[in-house]
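When a residue number appears, it is its place in the shown sequence, counting from 1.
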Amino acid sequence: MSAATRQEVLSLYRKIFRIANKWQSLSGQREDVLKEKQYIVNEARTLFQKNKNLTDLELIKQCMEECEARIDIALHYRIPYPRPIHLPPMGLSRQRDRALQNQAKLRKQSKPIYLKSYDEIS
């Protein structure tokens, strides 16, 4: 990882913790605020720890894009949790004989960038 990429990643990490410190939940209730702040911190630590040994610049850029997308969505909707995608159970498959294999492949391809790592840590 280059020094510039390392600085960008560390900047994102610090940005997440600054957001967590200033976070206010939609309900405004203290316990919700604390729970959501803790979620933000735990999610950041888990994902950054999981990806700390990445060396491929393309994978690092993808992780950074996912991080930025999740930050933007959280700030816009005031919800720190990933927004689920809603697809019909068999809405993407084309062939009925290999429907399950095709369905899994198409679901993986259609997953938004902000949910790429969500299933891996849940």
Side-chain angles (χ1 to χ4, degrees):
M1 177 180 344
S2 70
T5 307
R6 180 177 170 79
Q7 286 300 97
E8 291 177 45
V9 170
L10 292 174
S11 174
L12 269 176
Y13 194 68
R14 287 188 298 269
K15 181 178 181 179
I16 292 169
F17 281 94
R18 282 193 299 271
I19 290 170
N21 283 336
K22 297 176 186 176
W23 187 261
Q24 293 296 317
S25 74
L26 279 176
S27 68
Q29 296 179 355
R30 182 171 165 74
E31 59 271 1
D32 289 343
V33 172
L34 293 175
K35 187 170 91 172
E36 289 178 3
K37 282 183 176 186
Q38 191 61 43
Y39 172 80
I40 293 169
V41 169
N42 288 342
E43 184 80 357
R45 283 188 180 142
T46 302
L47 288 175
F48 276 83
Q49 190 71 22
K50 181 186 127 219
N51 295 322
K52 76 177 183 180
N53 294 324
L54 289 181
T55 55
D56 182 21
L57 282 178
E58 193 60 38
L59 283 175
I60 293 170
K61 291 291 182 193
Q62 285 178 359
C63 290
M64 289 172 57
E65 288 174 8
E66 178 185 356
C67 182
E68 286 288 351
R70 288 180 71 172
I71 288 171
D72 292 341
I73 289 170
L75 292 175
H76 177 76
Y77 292 105
R78 302 300 307 155
I79 300 170
Y81 310 108
R83 296 173 54 81
I85 53 174
H86 301 288
L87 296 173
M90 295 300 283
L92 296 175
S93 68
R94 296 182 190 134
Q95 297 174 337
R96 293 295 172 201
D97 57 340
R98 289 191 260 158
L100 295 179
Q101 291 176 347
N102 288 339
Q103 181 66 29
K105 180 180 175 184
L106 290 170
R107 275 192 181 277
K108 186 174 183 176
Q109 291 173 348
S110 68
K111 188 183 287 190
I113 191 166
Y114 60 88
L115 288 175
K116 294 291 183 191
S117 65
Y118 186 67
D119 289 339
E120 296 171 7
I121 63 166
S122 308

> Quick one: ring-ring contact (aromatic ring centres under 6.0 Å, His included) pairs with a partner in residues 9-34, sequence neighbours left out?
Replying inline: Y13-F17, Y13-F48
> How many angstroms lie between CD1 in I16 and CD1 in I71, if you round to the nearest 0.5 Å?
Replying inline: 4.5 Å
> To the nearest 0.5 Å, what is the distance between CZ (R70) and CG (L12)?
Replying inline: 12.5 Å
> What residues form a side chain to side chain donor-acceptor pair (under 3.5 Å) with N42, not counting sequence neighbours?
Replying inline: Q38
> Is atom CZ of R6 surrounded by more than 12 heavy atoms (other residues, nucleotides or ligands) closer than 6.0 Å?
Replying inline: no
> What's the spacing between M64 CE and N51 CG if we round to 0.5 Å?
Replying inline: 12.0 Å
>> Do I19 and P80 make a side-chain contact, defined as non-hydrogen atoms from C-beta onward lying under 4.5 Å apart?
In response: no
>> My understanding is that only residues two or more places apart in sequence, or in another chain, count here; which of them pass side chain to side chain donor-acceptor pair (under 3.5 Å) with T55?
In response: none
> In chain order, what residues pass the side chain to side chain donor-acceptor pair (under 3.5 Å) check against Q24, with sequence neighbours excluded?
Replying inline: none
> Under the salt bridge (charged side-chain N to carboxylate O under 4.0 Å, His left out) rule, what pairs show up with a residue in residues 10-23, not counting sequence neighbours?
Replying inline: K15-E68
> Taking all atoms of both residues into account, what is the closest heavy-atom pair of C63 and L54, and its distance?
Replying inline: SG-CD1, 3.8 Å
> Among pairs that include at least one residue of residues 25-41, which meet salt bridge (charged side-chain N to carboxylate O under 4.0 Å, His left out), considering only residues two or more places apart or in two chains?
Replying inline: none
